[in-house]
Asks: 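First the structure, which I've put down as structure tokens, then a few questions once you've had a look.
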Amino acid sequence: MRNKDLNSIWNEIEQRQSSQEKIYQKIIYVDFLFRVYIGSSGIPTKRLLLLEIPKQRIKEFDAFSAPKGFTLSIGETGIKHEGYAACIIQATNSDWNDVFTIVAEDILDNLRKQREEETYIFSLKQRIKKWRDFFKDNRKNKLTKEMIVGLTGELFFMKELLDKGIRQAPDLWNGPIKAAQDFQGNLVAIEVKTASANSLEYVHISSEMQLDDEDRDVLFLVAYRLEKNDSSGITLPMLIQKVSEMLTEQQKTRFWANLICLGYEAEDAQLYNEGYVLKERQVFKIKNGFPRILRSDLPVGVMDINYRLALQSCKDYASEFDEIVMALTEVEDGEA
């Protein structure tokens, strides 16, 4: 199920909500290790995520409420299920529903990979802790230079797609959800790497999943080189504004929710006055023979691989930006 489908289900549930007392919920993701429900309660509605876990593990979770973000409570399962209880994660208030959707997607994206109880519970606890810590003080520090450069590259890529008429570009953006690639459709995915350097010789690959096309028909690697130039370059707030102006109202909502979850808020714009100029872009189409490390290459027990990839070694797989546009138009949208 794609993220936008999850949001559509929430919208459908919220349209049915008519009482402050009643909770509407719907089971989703039946292929997870344990049952998962989404729902809402109250007027105005607050979105919630209900995750079944074995009852004997419930003591590992502590209820809490954050002023911003979400709350966690322990309750009954969505449908009576002997031996199971539920972690109920809910938006603090309706104003945080869009941000909460990003949190829920991140939690679910990680749980989807787990097939054993221990790793499932561990992953759930880790993702809850990550987001609880974030919302405790998400304005403590501004984005690091590395984060600014990475986000700038992803937004440059999104803008280029929008300029080419790919209106679904923001819907493909994973933002703060650490999925395998930065932009993912059902069939096409694109990993974006960005460097602020004098030359574009290497990119850093942070997992064995990033260049794995096993679950995709088409996978691209896009590498950008930015040059810092405060006089003629574009700042992060300027780029965000340019992209935002190209989006529909619904896309803007999710776009800004992603930015908040990455640690950027509009009122912090004055903190980001460094300008960047896009100096170079290289595009590669990932296929058999491309220099990379895959999941299938690793011995049992080895994981979380990261390495530097020399782009010179990838020249036989060089592609054009328009091939990405064609893939998203013909393969992803099914027009071929």
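Note that these values count all heavy atoms, side chains included, but never hydrogens, waters or copies made by symmetry.
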Asks: Can S296 and E214 be counted as having a side-chain donor-acceptor contact under 3.5 angstrom?
Replies: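 Not at all, the side chains of S296 and E214 share no donor-acceptor pair under 3.5 Å.
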Asks: For atom NZ of K252, is the number of surrounding heavy atoms from other residues, nucleotides or ligands below 6.0 Å larger than 12?
Replies: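 Yes, because the 6.0 Å sphere around NZ of K252 holds more than 12 heavy atoms from other groups.
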Asks: Do V192 and L219 sit in one hydrophobic cluster, given that two such residues count as connected whenever their side-chain heavy atoms are within less than 4.5 Å of each other, even indirectly?
Replies: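 No: no chain of side-chain contacts under 4.5 Å links V192 to L219.
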Asks: So if you build clusters from Ile, Leu, Val, Met, Phe, Trp, Tyr with side-chain heavy-atom gaps below 4.5 Å, do Y224 and L311 land together?
Replies: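 Not linked; separate clusters.
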Asks: Would you find a donor on one side and an acceptor on the other, under 3.5 Å apart, between the side chain of E191 and the backbone of D182?
Replies: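 Side chain of E191 to backbone of D182, a donor-acceptor pair under 3.5 Å: yes, one is there.
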Asks: Can you find a pair of side-chain heavy atoms, one from W256 and one from I240, that are under 4.5 Å apart?
Replies: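 The answer is yes; the side chains approach within 4.5 Å.
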Asks: For R115, does the CZ atom sit with more than 12 other heavy atoms under 6.0 Å from it, leaving out its own atoms?
Replies: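 Counting neighbours around CZ of R115, more than 12 heavy atoms of other residues, nucleotides or ligands fall under 6.0 Å, so yes.
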Asks: Assess the side chains of W173 and N258: does a donor N or O sit below 3.5 Å from an acceptor N or O?
Replies: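 No.
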Asks: Of the options L211, D212, V218, which is the one that meets I286 in a side chain to side chain contact (heavy atoms under 4.5 Å, CB included)?
Replies: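 Running side chain to side chain contact (heavy atoms under 4.5 Å, CB included) over L211, D212, V218 with I286 returns exactly one hit, L211.
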Asks: Can you confirm if the aromatic rings of Y317 and F220 lie within a centre distance of less than 6.0 Å?
Replies: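 When the ring centroids of F220 and Y317 are compared, they turn out to be at least 6.0 Å apart.
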Asks: F61 versus L124: any side-chain heavy-atom pair under 4.5 Å?
Replies: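 They are in side-chain contact.
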Asks: Under 4.0 Å between a Lys/Arg side-chain N and an Asp/Glu carboxylate O for R127 and D106?
Replies: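 Answer for the salt bridge query: yes.
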Asks: For Y264, what residues pass the ring-ring contact (aromatic ring centres under 6.0 Å, His included) criterion, not counting sequence neighbours?
Replies: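 Residues passing ring-ring contact (aromatic ring centres under 6.0 Å, His included) with Y264: Y272.
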Asks: What residues form a ring-ring contact (aromatic ring centres under 6.0 Å, His included) with F122, not counting sequence neighbours?
Replies: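 Per chain and number, F122 pairs via ring-ring contact (aromatic ring centres under 6.0 Å, His included) with no residue.
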Asks: Is E60 atom CD crowded by more than 12 heavy atoms from other residues, nucleotides or ligands, each under 6.0 Å away?
Replies: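 Count over threshold, so yes.
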Asks: Using a strict threshold of under 4.0 Å (side-chain N to carboxylate O), is an ion pair present between R216 and D213?
Replies: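 Salt bridge: no.
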Asks: Quick one, I234 and F156 - any side-chain contact, counting heavy atoms below 4.5 Å?
Replies: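 Answer yes - side chains close enough.
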Asks: In the single-linkage hydrophobic clustering (I, L, V, M, F, W, Y; side-chain heavy atoms under 4.5 Å), do L49 and F32 co-cluster?
Replies: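 Shared cluster, yes.
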Asks: Under a 3.5 Å cutoff, is there a donor and acceptor pairing between the side chains of E201 and S199?
Replies: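 Yes, a side-chain donor-acceptor pair sits under 3.5 Å.
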Asks: Check step by step if side chain to side chain contact (heavy atoms under 4.5 Å, CB included) holds for R292 and Y307.
Replies: CA-CA 9 Å; R292 53 183 169 164; Y307 56 96; 3.7 Å; yes
